[in-house]
S.K.: 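Here it is, the structure, as structure tokens.
Since this is a predicted model, take the numbers as computed values, not measurements. Throughout, a chain's letter reflects where its sequence line sits, starting with A, and its residues are numbered from 1.
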There are 2 protein chains.
Amino acid sequence: MMPPQSATNTISLSVIKTACSNCNLRELCLPFGLSIEELERLDDLVSTRRRLKRGEHLYRSGVPFDAIYAIRSGFFKTDVLLEDGREQVTGFQMAGELLGLDGISTEHHTCNAVALEDSEICAIPFSRLESLSREIHTLQHHFHKVMSREIVRDHGVMMLLGTMRAEERLAAFLLNLSQRFTARGFSHAEFYLRMTREEIGSYLGLKLETVSRTFSRFQEEGFIAVQQKHIRILNVAGLKALMNHRG
Amino acid sequence: MMPPQSATNTISLSVIKTACSNCNLRELCLPFGLSIEELERLDDLVSTRRRLKRGEHLYRSGVPFDAIYAIRSGFFKTDVLLEDGREQVTGFQMAGELLGLDGISTEHHTCNAVALEDSEICAIPFSRLESLSREIHTLQHHFHKVMSREIVRDHGVMMLLGTMRAEERLAAFLLNLSQRFTARGFSHAEFYLRMTREEIGSYLGLKLETVSRTFSRFQEEGFIAVQQKHIRILNVAGLKALMNHRG
DNA sequence: CTTTATGGTTGACTTGGATCAAGCTTACAC
DNA sequence: GTGTAAGCTTGATCCAAGTCAACCATAAAG
């Protein structure tokens with residue numbers, strides 16, 4: 001499906017709806033901290049919108065890089081594939097988060113980004129982002145913070161994969177999702193998983209059976225209620241306690 | 001030990017030696033791709049040098065961030081600690097590589113950086129780096145590439161921790177070190193490990209005994225010769241082959 | 001030189017999570 | 001509706017890596 005083409009009499013409304021300055025995610029996304037005038041300059045840059053169906057790739061490993069992407073709605077995974085077919089999911093991204101930072105390094109994307117539900121993204125041409133951030137200090141600094149935050153997040157994943165047991169990994173995963181849904185105004189205690197057990201397993205360095213069994217165990221112990229992809233967190237403290245218990 | 005204080009008659013020599021423009025690591029480090037004039041502007045910024053003894057911290061998790069650091073000589077590890085004492089080594093860094101990018105996000109460092117041998121670093125005040133990269137496009141772009149490269153590296157570590165077996169992890173680790181030593185003009189086949197088996201294990205998500213046993217197995221199979229921290233790689237192809245064999 | 005501490009190796013045994021396998025649930029295509 | 005495929009759950013078994021323990025190597029301190 002193509003982005004809606006505006007008829008002449010509706011252009012202004014459509015433009016307003018597309019702009020960063022009117023996006024309700026702006027405090028989570030790249031515009032964070034910008035003034036009104038600065039925001040308007042960013043609007044010029046973020047002109048391209050694109051809708052993706054569930055299962056569609058936003059980009060694939062190896063393709064030339066020229067833009068980063070802000071998620072306007074929907075849910076994505078990024079993954080890296082080894083030659084022998086093994087997959088590592090490197091992250092799950094939701095509204096307001098940026099995709100594509102991996103491509104700056106070599107000017108080619110180094111992972112795949114796949115929509116896990118129907119989604120909408122804003123493309124931000126990278127060379128234009130660099131020019132603009134040479135002019136707008138706040139934008140420059142915020143962009144640096146976003147990249148750095150990604151590095152810090154990655155360290156957290158390394159910690160998880162390197163030192164935690166299956167229960168701890170899954171508890172950390174659920175608490176992280178919960179916290180991010182909350183930041184977006186959704187319930188912290190109830191949500192639908194957009195990814196399969198296999199994708200969760202790949203992200204957490206576990207097999208899908210282990211993910212499934214661990215969910216069941218959490219349910220037996222009253223920490224959560226699971227029904228396929230529907231999760232209710234019943235005992236946040238319990239999940240947190242799981243994580244600081246032994247190595 | 002303090003950095004050498006120059007007497008008046010030796011200042012110019014000392015300054016020349018300290019400058020990026022005369023640093024033999026410049027093609028591996030931040031100055032990559034800069035013109036002579038641009039390099040000289042970077043020199044003004046990278047004024048502070050610091051020596052660290054083996055075991056000394058360059059920074060600690062939690063301390064305010066104000067500079068990133070280029071390694072001029074030596075060897076570092078970065079690690080993250082969990083409250084219960086578990087450690088995850090997030091990387092090993094050598095000459096020409098940057099440390100401290102994790103601190104930009106929250107304006108506080110989020111990991112520890114420790115010298116694994118006597119080392120020397122150049123401190124680059126971050127706000128001045130941002131100003132200068134608003135003026136020098138090449139510097140800005142290269143800095144973005146360096147941050148992005150770190151993200152890509154982290155994805156590689158996730159792949160390693162999430163999907164590889166002990167043998168594959170250790171082979172990947174040795175090949176990575178070898179390749180980085182080569183890029184610095186050292187032998188690709190013979191080097192001293194600066195870190196303990198425990199630190200290797202922490203980085204690779206293995207226990208020190210497993211690291212030790214896997215080294216021994218590699219030796220039995222003729223891939224390497226190990227004597228404590230001294231490593232000779234005898235069969236690069238063999239190590240590479242280990243990695244693409246099954247999941 | 002000897003002592004001591006830190007780090008490395010190796011062996012015996014255990015275990016958490018993988019593997020293999022069967023059956024179940026849900027959603028969608030026809 | 002019914003059939004089918006994809007995804008999830010659960011059980012039985014296995015094995016790679018962890019744990020526990022003893023001993024060895026090297027380097028620094030006295």
Side-chain angles (χ1 to χ4, degrees), chain A residues 53-55 77 85-89 114 116-118 160-171 173-174 192-221 224-231 242-243 245-247, chain B residues 53-55 77 85-89 114 116-118 160-171 173-174 192-221 224-231 242-243 245-247:
Chain A
K53 286 264 164 225
R54 187 172 118 91
K77 73 167 177 181
R86 278 180 280 182
E87 176 196 35
Q88 175 67 33
V89 171
V114 186
L116 295 184
E117 62 181 21
D118 294 1
L160 185 139
L161 292 171
T163 76
M164 293 186 177
R165 345 173 53 299
E167 282 196 347
E168 298 177 289
R169 296 184 198 191
L170 201 62
F173 172 74
L174 289 174
Y192 279 90
L193 298 172
R194 270 69 173 188
M195 68 295 278
T196 66
R197 300 290 189 263
E198 190 168 21
E199 287 162 336
I200 297 172
S202 169
Y203 180 60
L204 300 178
L206 302 170
K207 292 291 159 186
L208 68 93
E209 293 94 331
T210 304
V211 174
S212 181
R213 275 186 244 275
T214 309
F215 271 139
S216 301
R217 195 154 356 116
F218 283 178
Q219 177 155 254
E220 281 161 31
E221 290 171 16
I224 62 173
V226 210
Q227 203 186 13
Q228 307 278 116
K229 295 195 145 96
H230 181 220
I231 301 279
L242 267 183
M243 292 180 53
H245 260 302
R246 284 266 41 248
Chain B
K53 286 265 164 223
R54 187 171 116 92
K77 73 166 176 182
R86 279 180 279 181
E87 176 196 35
Q88 175 68 33
V89 171
V114 187
L116 295 183
E117 63 181 21
D118 294 1
L160 185 139
L161 292 171
T163 76
M164 293 185 176
R165 346 173 54 297
E167 281 195 349
E168 298 178 288
R169 295 184 199 190
L170 201 63
F173 172 73
L174 290 174
Y192 278 90
L193 298 173
R194 269 70 173 188
M195 68 295 277
T196 65
R197 300 290 189 263
E198 189 168 20
E199 287 162 336
I200 298 172
S202 169
Y203 181 60
L204 298 178
L206 302 170
K207 292 292 159 186
L208 67 95
E209 295 93 333
T210 305
V211 173
S212 182
R213 275 187 245 274
T214 309
F215 272 139
S216 301
R217 193 152 0 113
F218 283 178
Q219 177 156 256
E220 280 161 32
E221 290 170 17
I224 62 173
V226 209
Q227 202 186 14
Q228 308 279 114
K229 295 195 144 94
H230 181 222
I231 300 278
L242 268 183
M243 292 180 52
H245 261 304
R246 282 272 39 247

S.K.: Ignoring the backbone of B:Leu208, work out which of C:dT19, D:dA16, C:dT9 is nearest its side chain.
M.R.: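 Looking only at heavy atoms from C-beta outward on B:Leu208, the closest nucleotide is C:dT9.
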S.K.: Are A:Leu193 and A:Ile231 close enough that some pair of their side-chain heavy atoms sits under 4.5 Å apart?
M.R.: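 They are in contact (side-chain heavy atoms under 4.5 Å apart), so the answer is yes.
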S.K.: Which residue lies toward the 5' end of DNA chain C, B:Ser212 or A:Gln228, if each is placed at its nearest nucleotide?
M.R.: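 It is B:Ser212 whose nearest nucleotide is closer to the 5' end.
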S.K.: Looking at A:Thr210, I'd like to know whether one of its side-chain N or O atoms comes within less than 4.0 Å of OP1 or OP2 on C:dG17.
M.R.: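 No, outside the criterion.
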S.K.: Check the distance between D:dC24's P and B:Phe215's CZ and give it to me in whole angstrom.
M.R.: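 After rounding, the reported distance stands at 22 Å.
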S.K.: Whole angstroms only, please: what is the CZ-P distance between A:Arg213 and D:dT13?
M.R.: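 So the two atoms are 13 Å apart, to the nearest Å.
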S.K.: Calculate the interatomic distance between B:Gln219 atom CD and C:dT10 atom P; express it in whole Å.
M.R.: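 In whole Å, C:dT10 P and B:Gln219 CD are 8 Å from each other.
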S.K.: At what distance, to the nearest 0.5 angstrom, does CD1 of A:Ile200 lie from OG of A:Ser212?
M.R.: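 Output value for this atom pair is 9.5 Å.
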S.K.: Counting side-chain heavy atoms from C-beta on, which of D:dT26, D:dT10, C:dG7 comes nearest to A:Ser216?
M.R.: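 Within the option list, the nearest is D:dT10.
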S.K.: Please check the phosphate of C:dG7 (OP1 and OP2 only) for any side-chain N or O of B:Lys229 closer than 4.0 Å.
M.R.: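 Answer is no, no contact under 4.0 Å.
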S.K.: Can you tell me the distance, in whole Å, between the CZ atom of B:Arg169 and the P atom of D:dG18?
M.R.: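 Value for this atom pair: 8 Å.
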S.K.: In whole angstrom, what separates A:Arg197's CZ from D:dT10's P?
M.R.: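 One finds 10 Å between P of D:dT10 and CZ of A:Arg197, rounded.
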S.K.: Determine, for A:Arg54 against A:Asp118, whether the closest basic-nitrogen to carboxylate-oxygen distance falls under 4.0 angstrom.
M.R.: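 A:Asp118 and A:Arg54: not salt-bridged.
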S.K.: Could you tell me the separation between the CD atom of B:Glu209 and the P atom of D:dC24, rounded to a whole number of Å?
M.R.: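 Interatomic distance, CD of B:Glu209 to P of D:dC24: 17 Å.
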S.K.: Return the value, rounded to whole Å, for the distance between atom OH of A:Tyr192 and atom P of D:dG7.
M.R.: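 For the pair A:Tyr192 OH and D:dG7 P, the rounded distance is 18 Å.
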S.K.: Nearest whole angstrom, please: distance from the C1' of D:dT26 to the NE2 of B:His230.
M.R.: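 Taking atom C1' of D:dT26 as the reference, NE2 of B:His230 is at 16 Å.
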S.K.: Looking for any heavy atom pair under 4.0 Å, which part of the strands does B:Gly205 touch: base, sugar-phosphate only, or nothing?
M.R.: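 Here B:Gly205 touches the backbone only, sparing every base.
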